[in-house]
> 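Below is the structure I would like to discuss, written out as structure tokens.
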2 protein chains.
Amino acid sequence: MAPAPVSITPRCPIRTTLELVGGKWRLLILHQLRGGALRFGELRRLLPDISEKILVQELRHLTDAGLLMRHNFGEVPPRVEYELTEAGRVALPLIEAVASFGQQYLRTMVSHERPGRPQA
Amino acid sequence: MAPAPVSITPRCPIRTTLELVGGKWRLLILHQLRGGALRFGELRRLLPDISEKILVQELRHLTDAGLLMRHNFGEVPPRVEYELTEAGRVALPLIEAVASFGQQYLRTMVSHERPGRPQA
DNA sequence: GTAGGTACTGACTTATAGGTAAGAAATGGC
DNA sequence: GCCATTTCTTACCTATAAGTCAGTACCTAC
């Protein structure tokens, strides 16, 4: 099978990022790999809500995009590890910014229960 | 009509951010407002690919979330401006990180055309 | 020989995001 | 009266994201 080349729309760097790591799971997967390689099953246990099929699919997307390296040990039972590439580690500050924004929002907004927007 | 309160799942700050500003358009809208308030029609012209309906819907979401302020001048024809709140300005460094990641990716990956992942 | 672990695939379905197209309301210009 | 302008709504539809469930292959342990 040919390596699916992850077509990106280069015009806008924000759109590029969204195409690469947008969606419900990709940032969470990359985040789990911040400390080093993990096996498939470890990722599944760390992200209990993701379905196996989607985890496979997203790992493949991230690998095709060059953000992850997939290491197949060729053993039986299967043993496969995923690890951030250099390009993948570039996403770590982004993930930090994402988490930081979420934290600040939770601190400032959820507590003081902002007013609703005016009706007209 | 009661102000729709934008339910967030507070457990994980990454998930919180995704619920707040995830999707195809929200970061782009916030980015356009970095320099100050804009009218609805100006946003529409700055983001020509977004449909009117989605623009309204996303502006409303961001307003309900407390990231935007909506200022209705009560004129006819209508004149409505949208502006970042304090909480919305907190998203600007996040957007910078998103754009920076996209730029670095485009520079390093798209040029040297990485190899595909191994077959097994 | 049956059961269990491991990474993965495929068929199928559901949920949600996003898009199209039409129109409402109120006013000014002609 | 008729048209244009502007923000927004509604009904309807399509596309894509995500999920469920069953099954494959190979080996080990019992």
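Naming: A, B, ... by sequence-line order, numbering from 1 per chain.
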> Hey, does A:Arg44 have a side-chain heavy atom less than 4.5 Å from the side chain of A:Glu52?
yes

> C:dA7 P sits how many Å from A:Glu81 CD, rounded?
10 Å

> Could you give the CD-to-P distance, from A:Glu42 to C:dC8, as a whole number of Å?
13 Å

> Between A:Arg79 (CZ) and C:dG5 (C1'), how many Å, whole number?
14 Å

> Should A:Thr63 and A:Met69 count as side-chain neighbours, where that means a heavy-atom distance under 4.5 Å?
no

> If we only count heavy atoms from C-beta on, is the A:Leu84 to A:Leu67 side-chain gap below 4.5 Å?
no

> Quick one: B:Leu55 CG to C:dA17 P, roughly how many Å, whole number?
17 Å

> Less than 3.5 Å apart, any donor N or O on the side chain of A:Thr108 or A:Gln104 sitting next to an acceptor on the other?
no

> For the residue pair B:Leu47 and B:Gln32, establish whether any side-chain heavy-atom pair is separated by less than 4.5 Å.
yes

> Hey, does the side chain of A:Arg60 come within less than 4.0 Å of C:dT9's phosphate (OP1/OP2), counting only N and O?
yes

> Is the CD atom of B:Glu81 crowded by more than 12 outside heavy atoms at less than 6.0 Å?
yes

> Rounded to the Å, how far apart are B:Ile29 CD1 and C:dA17 C1'?
14 Å

> Can you tell whether the side chains of B:Arg39 and B:Glu42 come within less than 4.0 Å, N to carboxylate O?
no

> From CZ of A:Phe40 over to C1' of C:dC8, roughly how many Å is that when rounded to an integer?
7 Å

> Does A:Arg39 put a side-chain nitrogen or oxygen below 4.0 Å from OP1 or OP2 of C:dA7?
yes

> Rounded to whole angstroms, how far apart are CG on B:Asn72 and C1' on D:dC8?
11 Å

> Name the nucleic acid region contacted by B:Tyr82, choosing base, sugar-phosphate or nothing; use a 4.0 angstrom heavy-atom cut-off, strictly under.
sugar-phosphate

> Could you check how far CD of A:Glu75 sits from P of C:dA7, rounded to whole Å?
10 Å

> Summarise protein proximity over nucleotides 18-27 of chain C in one line of letters, 5' to 3': B for base, S for sugar-phosphate only, - for none, counting protein heavy atoms closer than 4.0 Å.
BBB-----BS

